[in-house]
Amino acid sequence: MKALNKAQLTAGSLVLLLIFAALWQWGPSAFGVPEFVLPKLSSTLVEGVRMFGAENLWTHIGVTALEVVAGFVIGSALGVLIGVVLGLSPSTEAMLSPYILALQIAPKVAFAPLFVMWMGYTVYPKILVAVLIVFFPVMINVLGAVRSVDPDMVNLVRALCGRRWQIFRFVEFPSAMQALFAGLRIASTLAVIGVTVGELVGGDRGLGYLLVYGEGQGNTAMVFVAIAGLTVIGIAAYAAVVWLERRALHYVPRAAMNIA
């Protein structure tokens with residue numbers, strides 16, 4: 001089958017978007033679904049415009065975006081650091097892996113109320129929940145990549161009298177870059193989930209707070225506006241990671257990079 005060019009793919013995506021918008025606009029009334037259950041697209045857009053003025057929507061978007069960025073950056077940095085340490089030291093991994101696994105298995109939602117109790121209704125509980133969710137996929141990807149480095153390349157640098165730092169800099173870290181960005185892609189979307197969970201449990205600002213507020217008011221359109229805002233933030237975070245990946249791994253063939 002002949003591959004579609006970029007223009008055809010873009011046109012296909014726009015057609016799907018138009019079909020989705022049409023179904024959202026006329027589908028509820030066609031099937032007799034009331035507005036308080038599933039508002040029409042036009043009603044949701046009107047509510048979104050109202051929220052920019054009455055609910056100060058930009059402030060809530062900014063708070064959530066800041067929390068997502070902070071949680072993503074801190075969680076990813078910790079994931080890279082711990083992944084490299086465990087990858088270079090199997091004995092350290094054997095000692096710490098049970099505790100890291102236990103932390104990952106524990107439901108993150110259960111930590112959110114504790115963080116709120118400890119730190120109050122600030123941005124810090126939301127960031128911490130995002131850090132916990134982001135950390136594990138990045139750490140696992142980096143750990144696996146460091147462990148799978150070609151031993152012949154390591155021996156070659158050693159034969160050239162390379163020091164341990166030089167082996168890491170010129171062999172191990174570059175070899176882990178593709179796996180690192182794969183983990184960052186996953187982490188960029190998980191950060192939004194973590195922040196939303198924190199705001200749902202104990203927030204007075206942010207899009208997660210608007211979700212709870214809209215639900216309490218019986219305003220389904222407000223809930224959809226908040227969901228749309230969270231989706232846009234997640235897409236923006238993912239796109240930023242893809243952009244950075246293309247620049248950092250410009251030497252890798254795009255088919256191998258599998259960039260969307």
Side-chain angles (χ1 to χ4, degrees), residues 4-69 71-72 107-110 112-113 116 121 126 129-130 133-134 185-242 260:
L4 299 177
N5 58 39
K6 188 174 182 179
Q8 291 172 321
L9 293 174
T10 302
S13 295
L14 290 176
V15 169
L16 291 176
L17 179 61
L18 291 175
I19 293 173
F20 173 76
L23 289 175
W24 189 356
Q25 175 63 27
W26 292 290
S29 57
F31 291 97
V33 180
E35 280 274 322
F36 67 86
V37 174
L38 181 59
K40 296 185 294 185
L41 175 61
S42 57
S43 301
T44 304
L45 293 176
V46 170
E47 176 64 17
V49 173
R50 185 197 69 82
M51 290 172 64
F52 276 108
E55 306 295 342
N56 203 5
L57 184 58
W58 276 123
T59 299
H60 293 285
I61 292 174
V63 169
T64 299
L66 175 64
E67 293 167 348
V68 168
V69 171
F72 172 74
K108 306 303 178 293
V109 179
V116 172
Y121 291 90
K126 295 81 172 178
V129 175
I133 294 180
V134 165
R185 286 194 187 198
I186 299 172
S188 64
T189 58
L190 293 179
V192 179
I193 298 174
V195 167
T196 304
V197 168
E199 291 179 344
L200 287 173
V201 172
D204 56 357
R205 291 180 299 171
L207 293 175
Y209 162 76
L210 290 182
L211 283 173
V212 178
Y213 181 75
E215 184 271 336
Q217 298 293 317
N219 190 342
T220 312
M222 178 183 287
V223 174
F224 273 98
V225 172
I227 292 174
L230 291 168
T231 302
V232 170
I233 291 175
I235 292 174
Y238 185 87
V241 173
V242 171

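Everything numeric here is computed off the predicted structure, so don't read it as measured data. The residues of the chain are indexed from 1 along the displayed sequence.
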- Message: Once side-chain contact (heavy atoms from CB on, under 4.5 Å) is applied, do any residues pair with Val15, and if so which ones, sequence neighbours excluded?
- Response: Ile19
- Message: I'd like to check Leu207 versus Ile61 (side-chain heavy atoms, cut-off strictly below 4.5 Å). Are they in contact?
- Response: yes
May I have the list of side-chain donor-acceptor pairs in residues 221-237 shorter than 3.5 Å, sequence neighbours left out?
{"from": "Thr231", "atom 1": "OG1", "to": "Ile227", "atom 2": "O", "distance (Å)": "2.9"}

- Query: Does any non-hydrogen side-chain atom of Val129 lie less than 4.5 Å from one of Ile133?
  - Reply: yes
- Message: Side chains of Val63 and Tyr209, heavy atoms from C-beta outward: is any pair under 4.5 Å?
- Response: no
- Query: Is Arg205 salt-bridged to Glu199, going by a charged N under 4.0 Å from an acidic O?
  - Reply: no
- Query: Trp58 vs Phe52 aromatic rings, parallel, tilted or perpendicular, using cut-offs 30° and 60°?
  - Reply: tilted
- Message: Can you give me the closest heavy-atom contact between Gly71 and Ala130, atom names plus distance?
- Response: CA-CB, 3.9 Å
- Looking at Ser188 and Tyr238, what are the two nearest heavy atoms and their distance? OG-CA, 3.5 Å
- Specify the closest pair of heavy atoms between Ile186 and Thr189, including all atoms of both residues, with the distance to one decimal. O-OG1, 2.8 Å
- Measuring from Glu47:CD to Leu57:CG, what's the distance to the nearest 0.5 Å? 9.5 Å
- How long is the span from the CG atom in Leu200 to the CG atom in Leu210, to the nearest 0.5 Å? 10.5 Å
- How long is the span from the CG atom in Asn219 to the CD atom in Glu55, to the nearest 0.5 Å? 8.5 Å
- What pairs of residues pass the side-chain hydrogen bond (donor to acceptor under 3.5 Å, both in side chains) test when at least one of them lies in residues 14-35, not counting sequence neighbours? Gln25-Ser42, Glu35-Ser43
